[in-house]
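All residue numbers refer to positions in the sequence shown, counting from 1.
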Amino acid sequence: MSKESRQRRKLQGKGRDTEPPDRQRSWRALVSWLPLALGRTRVYRTVISCLAIFLLSVLLVPKRHAINTELYHVGDVARQDIWAPNEITIEDQETTEAKRKAVAEGVQPIYDYDERAVTGTMNNAKAAFAAIRVGLDKRNEQLRVLEQQPTAQQGATEARRQVATGNASTGTLDPLAGSEGRSARPEIKPTMDDIRKEFETILHVDVPPKEFDVLVATAQDPSIERCLSQAFEDACKDGVVGDKTTLLDDPEKGITIKEVGSGITKMLAPNVLGRIPDSLEAKAGVARFLKTRCAETAEYHPLITSIVSQLIKPTLTFNKSETEKTKQEAIDAVEPVYYKIKKGQIIIRAREVVTPRHKQLIDVIAKSVKPHKQAYSAIGTPLFLALVILLIYLSAHRFGFDSRPGWKNESLFWSIIVLTLLFSKAFLWGVRSLVETIERFPFNQLESYYYAAPLGLSTVLATLLLGKRSGLAAALLASAMVPLLFGAWPVIILATILSGIAVVFIAERYGTGAIVFKMGLAIGTVMALSVLSMQLLDPEVKFTDTGYFNAICAFGQGVVVIAATGILLPILELVFGVWTKSKLLDLASTDRPLIKRLMIEAGGTHNHSLRVGELARSACEAIGANGVVALVSAYYHDIGKLKRPGYFIENTPIGSDNPHDRLTPAMSVRVLVEHVTYGLDLARKKKFPPVILDAIEQHHGVSLIRPFYHKAVEAAKRTGEMVEESEFRYPGVKPKTRETGIIMIADSIEAASRVLANPTKDKISKMVDRIASFYVEDGQLDDCNLTLRDIQKCKESFVLVLQGMLHSRIEYPEDQTAADMNAAASASDVHRNERGSQT
């Protein structure tokens, strides 16, 4: 190390020591205490889970617009893309106003019809004529009184008669007036002027004196009064309007007539409006009526026409206030027209001109996106995700995962979840852009494409890379993300869980060739059936084009998952070093170079590995572990014996010398241990998956090689030396997974079964129980997740498989020398010792 480097490190050390000692101790104590208190796996899991919750929350929290409505006015240029943060229902003001305008225009004008005016005028006419007759009768009565006076006064009487009849001038002298020669003029009431004024007052008309004299002369003729009344009634029968132009403003609409007093209304059709006269037309109609209906009074027609024309007044009056009130009531009764803006729909793009419609939508969105709602979403989303993840972890702790513990597998699991969410959002973004260009129904319904979002991708990837229980956990997480991604869609939630179960079943039952295609087909089928069945369960929903299209989109999720899996699976395998079952099974092929070498150079080890693989796979399947991993790992767990195959008894020909007889116990141990280290180096050069490396390194754990240890102890007794037990233990690692722990037990059981004489079920069972109990008591299985219940199931599986392997054979009557039998027994003992058997 150079001088500058030493000085730099010294300075850095001083910099670290500048903190207070108490603070340093507290920080270091906390850092060192966490892994001890929680365990390294829990620390990894907690950190990775928190990071995953953060990433998922960022992706799932609804994006809110910080829209300043003051910056947007009609005619401005949009400064950003604005989209709907959620589904919004907005009133279509233009359509609503157009609808209200149409309703208002359809309201008929209301006219007040005063029938009482017509009846009152006719009654007044009768009263006026009656007043004429009463007045004339009074005058005549007074004249009769004057006529009955003495005859001596005839001159005076005559004079008074002239005055009464109007023939004598006001200057005529009355013979009875006295000596002055002035005649006395008695006052006769009413006078003709009084009668005329009363007539005019009753009818509200003006009658010249000459025309009134004619009327007086005919007062006793009822035909005149009848013709006048009939002419007036005929002129007003359809009503009289003051301004016909206003009446005919909208000839296609008609009018509503409201009777004054009773309030009874009736509607007049547009085709009868032309028959309603105004005052001039009504007056012109009087002459026609008299000409056709009152021909006998022709000489009096001008007089009648003059009087009736003055009597005609408008009886239909436009009621503006009532009309406006009715229009307003009709407008208020119109329901507003609403339309929906879909979640994520673009309202306006950047650099577009803001129209009145854009302005309305922007204001609505700005009001709907409130700061407190955004804060609630930012808190609620991670809280919900944390609850779901906690429950999944508790279930995993209770039932166990298939994958190996460690940060890499935790990272792989959450990477699958995050990638699934990213693919789903990218898919929806692409579909949303596509739907905006489609006009044909139902292909333009965005909600239908929700069923095709590749949520099942998480289950497929987790099942292939981490195992079926991890796949189920991924399915639960994906279903939990549905409300955050789409909203309340119970059908998608249920279908996601069911399709996840189907994927796990397919992987368990048919996990061989074309497994990805089978899983995608299972997802599509289950999703489609779920959609159709939920529609059948809803009595209000019928099969429509939308329903069938939803089912098609649901089936399409399987196709999308297959495509996405083809893209992501190789990448995840490469990045995380995880191998799928199909890829692992390829390593078990007899065409593999190492398998061929084992068959040729170490045939006994190859045969032993095959038998261990069958034992381990059967036991793993009995407890729900990964049988394929155990099988393939067992095939390669002893590849280190390729370096010195002759030093392992299974590869030594019958009758040959045992090479360990020429070695010290320490050297024999070194040879045995070497097959682990050499096997690891060979597997790393071949870039085998970590599960095989773990099996090679951990299948002996740190167990004691007892035969050579006892041999060394016996030799040490003779020489007085001390023997360290640690020198006779494998310097490996205790099994970390259930599969590796099962391979350890199966390895010893298979070796011990070779020297089992006359194998019976009872003997096999005792041997299996003895070996398994030894590993449990020795603590070799403490670091894996094998429970006592699992070990019991494994023992039962071992016994069942060994019964098939060690079935009885027909004994051929061949001579066997005692030497041959002793040699076979000796070889079996050495083999058992080399395998570390505990028989």
Side-chain angles (χ1 to χ4, degrees), residues 108-133 196 199-208 211-212 214-248 251 254-262 264-319:
Q108 293 180 334
I110 298 176
Y111 283 78
D112 290 336
Y113 176 59
D114 192 0
E115 186 180 9
R116 295 176 302 178
V118 177
T119 305
T121 300
M122 295 183 66
N123 292 333
N124 289 341
K126 292 180 181 179
F129 277 96
I132 294 175
R133 288 191 290 269
R196 180 172 59 83
F199 181 84
E200 291 177 344
T201 301
I202 295 174
L203 284 182
H204 305 287
V205 295
D206 293 329
V207 181
E211 294 181 0
F212 185 74
V214 175
L215 190 63
V216 170
T218 61
Q220 301 302 327
D221 186 357
S223 61
I224 302 299
E225 181 182 353
R226 177 178 53 79
C227 287
L228 188 145
S229 297
Q230 290 180 352
F232 175 76
E233 185 177 10
D234 181 75
C236 298
K237 64 180 179 180
D238 293 325
V240 179
V241 69
D243 186 2
K244 197 167 184 178
T245 304
T246 304
L247 180 67
L248 299 178
I255 63 172
T256 298
I257 294 179
K258 181 178 181 181
E259 294 184 4
V260 178
S262 65
I264 299 174
T265 60
K266 63 178 179 178
M267 300 175 64
L268 290 185
N271 57 352
V272 301
L273 295 182
R275 298 204 304 260
I276 299 176
D278 57 12
S279 298
L280 295 177
E281 291 176 341
K283 292 175 182 178
V286 172
R288 293 192 299 270
F289 176 82
L290 293 174
K291 185 177 180 180
T292 56
R293 302 287 297 274
C294 296
E296 69 278 5
T297 60
E299 55 181 321
Y300 302 110
H301 286 179
L303 175 60
I304 298 174
T305 300
S306 176
I307 296 174
V308 173
S309 296
Q310 295 182 64
L311 294 177
I312 294 175
K313 305 293 182 183
T315 57
L316 287 176
T317 307
F318 176 62
N319 192 333

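Annotation: the span from D112 atom CG to I257 atom CD1 amounts to 10.0 Å, rounded to 0.5 Å. Within the model, atoms CD of Q230 and CD of E225 stand 11.0 Å from one another, a figure rounded to the nearest 0.5 Å. Separating the CD atom in Q310 from the NE2 atom in H204 is a distance of 12.0 Å, to the nearest 0.5 Å. Put simply, CG on N124 and CZ on F129 are 12.5 Å apart, with the number rounded to the nearest 0.5 Å. Note that the CD1 atom of I307 and the CZ atom of F199 stand 4.5 Å from one another [nearest 0.5 Å]. The NZ atom of K313 lies 9.0 Å from the OG1 atom of T121; values are rounded to the nearest 0.5 Å.
Summarising the local packing, CD of E233 is surrounded by 12 or fewer heavy atoms from other residues, nucleotides or ligands at distances under 6.0 Å. Atom CZ of R293 has 12 or fewer neighbouring heavy atoms from other residues, nucleotides or ligands inside a 6.0 Å radius.
Of all heavy-atom pairs spanning A131 and I202, the tightest one is CB-CD1, 3.9 Å. Nearest heavy-atom pair, A282 versus P277, reported as atom, atom and distance to 0.1 Å: N-CB, 3.9 Å. For the residue pair L203 and A128, the shortest heavy atom distance occurs at CG-CB, 3.6 Å. Summarising the geometry of I312 relative to A235, their closest heavy-atom pair is CD1-CB, 3.7 Å, with the distance given to 0.1 Å. Across every non-hydrogen atom of F318 and P109, the tightest pair is CE1-CB, 3.7 Å. Between I110 and K258, the closest heavy-atom pair is CG2-CB, 4.2 Å.
V118 has its side chain within reach of F232: a pair of non-hydrogen atoms, C-beta onward, lies under 4.5 Å apart. Side chains of E296 and C227 form a contact here, defined as non-hydrogen atoms less than 4.5 Å apart. Side chains of I132 and F212 form a contact here, defined as non-hydrogen atoms less than 4.5 Å apart.
Remark: of the listed residues D234, L228, T305, L311, T305 is the sole one forming a side-chain contact (heavy atoms from CB on, under 4.5 Å) with V286.
Taking 4.0 Å as the cut-off between side-chain N and carboxylate O, E200 and R196 count as a salt-bridged pair.
Within the 3.5 Å criterion, the main-chain N or O of V240 finds a donor-acceptor partner in the side chain of T315.
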